[in-house]
Peer 1: 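Below is a structure I'd like to ask you about.
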Protein chains: 2
Amino acid sequence: MIQTDLIKGSLRTIVLKLLKENGRMYGYEITRRVEELTAGKIKLTYGALYPVLHKLESEGVLVTEQENYNNRIRVYYSLTEKGHSMVSEKIRELMEFIESLQGIVNPQTNPNYA
Amino acid sequence: MIQTDLIKGSLRTIVLKLLKENGRMYGYEITRRVEELTAGKIKLTYGALYPVLHKLESEGVLVTEQENYNNRIRVYYSLTEKGHSMVSEKIRELMEFIESLQGIVNPQTNPNYA
DNA sequence: TGAAAATATATAAGATGTTTATATAATGTA
DNA sequence: TACATTATATAAACATCTTATATATTTTCA
């Protein structure tokens, strides 16, 4: 696990993207999924994740449902209509950002390289 | 110009990478170069850039030289030995981060996708 | 059976980093 | 002459992240 500070700024979009794909997820599941998708390179911290989830909920982007599973409470998060309508745009922005970063880090593959 | 908040965390590495490639640069030049390399998509703000430059200088990663050009002072930044020895590692981390992000945003191209 | 690891959510304090606004000033361009 | 560009810089406000901490159940391994 290397990059932690790099995540800044993309965490929201990552959460939205995963929820779009999976319908609904709980916090712990999100951290597992991110580890899975990044071969263990990105490990989300709960101190970062939960505030983001709560913020997105307060903004009306997510809703929660609590369920009982094995005597434990699970809080499932899913996109609202508002969430659905913003997630595509957010993903597009993130992809553009990734491309831009590549243009800087790997300029030989970049047509804008002067 | 779309992503501003996404830059968070990668700004330091971007600056280091550009200085490695160009030998020495001044602040304004760095913002221009980033715009150039990203087709205008990333525009660094000076409020973010200068604090980063000053911090890197105080950490011994960069040194400055002031020069006069057209009656204006230009502050050139360049890597120290310490800066040179850390920049490759930082770039590697950023590239790994980019790959990880792609694994999340574009999972069909990701071998870790379960 | 007992201990450790994994599962599961959450908050607070402190640190860090960014945006926005502001100040200053010279040169180039229309 | 006025506006855009070039050029550096700081401060206040805001947003975000890390680290530490608390709690509790289930699963796994020895």
Side-chain angles (χ1 to χ4, degrees), chain A residues 1-16 24-36 40 42-59 61-78 90 93-94 97, chain B residues 1-16 24-36 40 42-59 61-78 90 93-94 97:
Chain A
M1 178 184 46
I2 307 162
Q3 345 75 308
T4 41
D5 49 320
L6 287 171
I7 278 285
K8 290 171 207 281
S10 17
L11 183 49
R12 279 172 78 103
T13 304
I14 289 171
V15 167
L16 292 173
R24 62 172 206 172
M25 300 177 88
Y26 51 100
Y28 187 75
E29 190 185 8
I30 292 173
T31 66
R32 308 260 67 174
R33 193 91 184 101
V34 168
E35 276 185 57
E36 209 176 286
I42 296 182
K43 297 194 189 204
L44 302 185
T45 59
Y46 302 113
L49 178 62
Y50 285 112
V52 164
L53 287 171
H54 299 330
K55 183 114 193 268
L56 288 171
E57 189 187 3
S58 79
E59 289 172 2
V61 176
L62 304 180
V63 283
T64 60
E65 338 160 51
Q66 297 199 1
E67 269 180 40
N68 227 290
Y69 179 79
N70 270 351
N71 292 329
R72 279 180 233 157
I73 289 174
R74 266 192 195 162
V75 184
Y76 280 98
Y77 297 86
S78 52
K90 283 282 177 194
E93 275 180 32
L94 184 56
F97 173 64
Chain B
M1 178 184 47
I2 306 160
Q3 344 78 309
T4 42
D5 49 318
L6 288 171
I7 277 284
K8 289 170 208 279
S10 17
L11 183 50
R12 279 173 77 102
T13 304
I14 290 171
V15 167
L16 293 172
R24 62 172 206 171
M25 299 178 89
Y26 50 99
Y28 186 76
E29 190 184 6
I30 292 172
T31 65
R32 305 260 68 172
R33 193 90 184 103
V34 168
E35 277 183 58
E36 208 175 287
I42 296 183
K43 297 193 190 206
L44 303 184
T45 58
Y46 302 112
L49 177 63
Y50 286 111
V52 163
L53 288 171
H54 299 330
K55 183 113 192 270
L56 288 170
E57 189 187 1
S58 79
E59 289 171 1
V61 175
L62 303 182
V63 282
T64 59
E65 338 158 52
Q66 296 201 1
E67 271 181 41
N68 225 292
Y69 180 80
N70 270 350
N71 293 327
R72 276 180 235 158
I73 290 173
R74 265 191 196 161
V75 184
Y76 280 97
Y77 297 86
S78 52
K90 282 285 177 190
E93 275 179 33
L94 184 57
F97 173 65

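Small disclaimer: the values here were computed from a predicted structure and weren't measured. To find a chain, count down the sequence lines: A is the first, B the second, and so on, and within it residues start at 1. Side chains included, hydrogens not; waters and symmetry mates left out as well; all remaining heavy atoms used.
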Peer 1: I need the NZ-C1' distance between B:K43 and D:dT5, as an integer number of Å.
Peer 2: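 From B:K43 NZ to D:dT5 C1': 13 Å.
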
Peer 1: Rounded to the nearest Å, what distance is computed from the CZ atom of residue A:R12 to the P atom of nucleotide D:dA15?
Peer 2: 11 Å

Peer 1: For the helix from C:dT1-D:dA30 to C:dA30-D:dT1, how many degrees between its two end axes (five pairs per end), to the nearest 10°?
Peer 2: 40°

Peer 1: Between B:R74 and B:Y26, is any side-chain donor less than 3.5 angstrom from a side-chain acceptor?
Peer 2: yes

Peer 1: Apply salt bridge (charged side-chain N to carboxylate O under 4.0 Å, His left out) to B:E57 and list each qualifying residue two or more places apart in sequence or on a separate chain.
Peer 2: none

Peer 1: Nearest whole angstrom, please: distance from the C1' of D:dT5 to the CD of B:E35.
Peer 2: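 Taking CD of B:E35 and C1' of D:dT5, I get 12 Å after rounding.
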
Peer 1: Rounded to the nearest angstrom, tell me the gap between atom OH in B:Y28 and atom C1' in C:dT27.
Peer 2: 12 Å

Peer 1: Strictly below 4.0 Å: does B:Y69 bring a side-chain N or O up to OP1 or OP2 of D:dA7?
Peer 2: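 For B:Y69, the contact criterion (side-chain N or O under 4.0 Å from OP1 or OP2 of D:dA7) is not met.
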
Peer 1: If you assign B:Y76 and A:L11 each to the DNA chain D nucleotide with the nearest heavy atom, which residue ends up on the more 5' nucleotide?
Peer 2: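 The residue whose closest nucleotide sits nearer the 5' end is B:Y76.
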
Peer 1: Look for any protein N or O under 3.5 Å of an N or O in nucleotides 21-23 of chain C and output each such pair with its distance, or none.
Peer 2:
none

Peer 1: Rounded to the nearest Å, what distance is computed from the CD1 atom of residue B:I14 to the C1' atom of nucleotide C:dT18?
Peer 2: 14 Å

Peer 1: Could you measure the distance from the CD1 atom of A:I14 to the CD1 atom of A:I42? Nearest 0.5 Å is fine.
Peer 2: 5.5 Å

Peer 1: Look at B:H54 and D:dT10 and indicate whether a side-chain polar atom (N or O) is within less than 4.0 Å of OP1 or OP2.
Peer 2: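 Yes, because at least one side-chain N or O of B:H54 sits under 4.0 Å from OP1 or OP2 of D:dT10.
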
Peer 1: How long is the line joining CG of B:L53 and P of D:dA7, in whole Å?
Peer 2: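 Going from CG in B:L53 over to P in D:dA7 covers 15 Å.
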
Peer 1: Could you state the CG-P distance from B:L56 to C:dG17, rounded to the nearest angstrom?
Peer 2: 10 Å

Peer 1: Tell me: CG of A:L49 to C1' of D:dC17, nearest whole Å?
Peer 2: 12 Å

Peer 1: Taking only the side-chain nitrogens and oxygens of A:T45, find out if one of them lies under 4.0 Å from OP1 or OP2 of D:dT18.
Peer 2: yes

Peer 1: Taking 4.0 Å as the cut-off, does a side-chain nitrogen or oxygen of A:K55 come that near to OP1 or OP2 on D:dA15?
Peer 2: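 False: A:K55 side-chain N/O out of range (4.0 Å or more) of D:dA15 OP1/OP2.
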
Peer 1: Taking atom CG of B:L49 and atom OH of B:Y77, what is their separation to the nearest 0.5 Å?
Peer 2: 7.5 Å

Peer 1: Using a 4.0 Å heavy-atom cut-off to protein, can you give one letter per nucleotide of nucleotides 22-29 of chain D, 5' to 3': B if the base is in contact, S if only the sugar-phosphate is, - if neither?
Peer 2: ---BSS--

Peer 1: Does a salt bridge link A:R32 with A:E29, judged by any charged N lying under 4.0 Å from a carboxylate O?
Peer 2: no

Peer 1: Heavy atoms from C-beta onward define the side chain here; which of C:dT11, D:dC17, D:dT6 lies closest to that of A:Y50?
Peer 2: C:dT11

Peer 1: Just how far is it from atom CD of B:E93 to atom OG of B:S10, taken to the nearest 0.5 Å?
Peer 2: 12.0 Å

Peer 1: Between C:dA6, D:dT16, C:dT18, which nucleotide has the shortest distance from any of its atoms to the side chain of B:V52?
Peer 2: C:dT18

Peer 1: Going from CG on B:L11 to OG1 on B:T45, what distance comes out if it is rounded to the nearest 0.5 angstrom?
Peer 2: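 Nearest 0.5 Å value for the CG-OG1 distance: 8.0 Å.
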
Peer 1: Quick one: NE2 on A:H54 to OG1 on A:T64, what's the gap to the nearest 0.5 Å?
Peer 2: 9.0 Å

Peer 1: If we only count heavy atoms from C-beta on, is the B:I30 to B:L53 side-chain gap below 4.5 Å?
Peer 2: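 Sidechains of B:L53 and B:I30: in contact.
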
Peer 1: Apply side chain to side chain contact (heavy atoms under 4.5 Å, CB included) to A:E65 and list each qualifying residue two or more places apart in sequence or on a separate chain.
Peer 2: A:R24, A:E67, A:Y76, A:S78

Peer 1: Once side chain to side chain contact (heavy atoms under 4.5 Å, CB included) is applied, do any residues pair with A:Y46, and if so which ones, sequence neighbours excluded?
Peer 2: A:Y28, A:T31, A:Y50

Peer 1: So, B:E59 and B:K55, do they make that salt bridge, N to O below 4.0 Å?
Peer 2: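 Salt bridge between B:E59 and B:K55, a charged N being under 4.0 Å from a carboxylate O: yes.
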
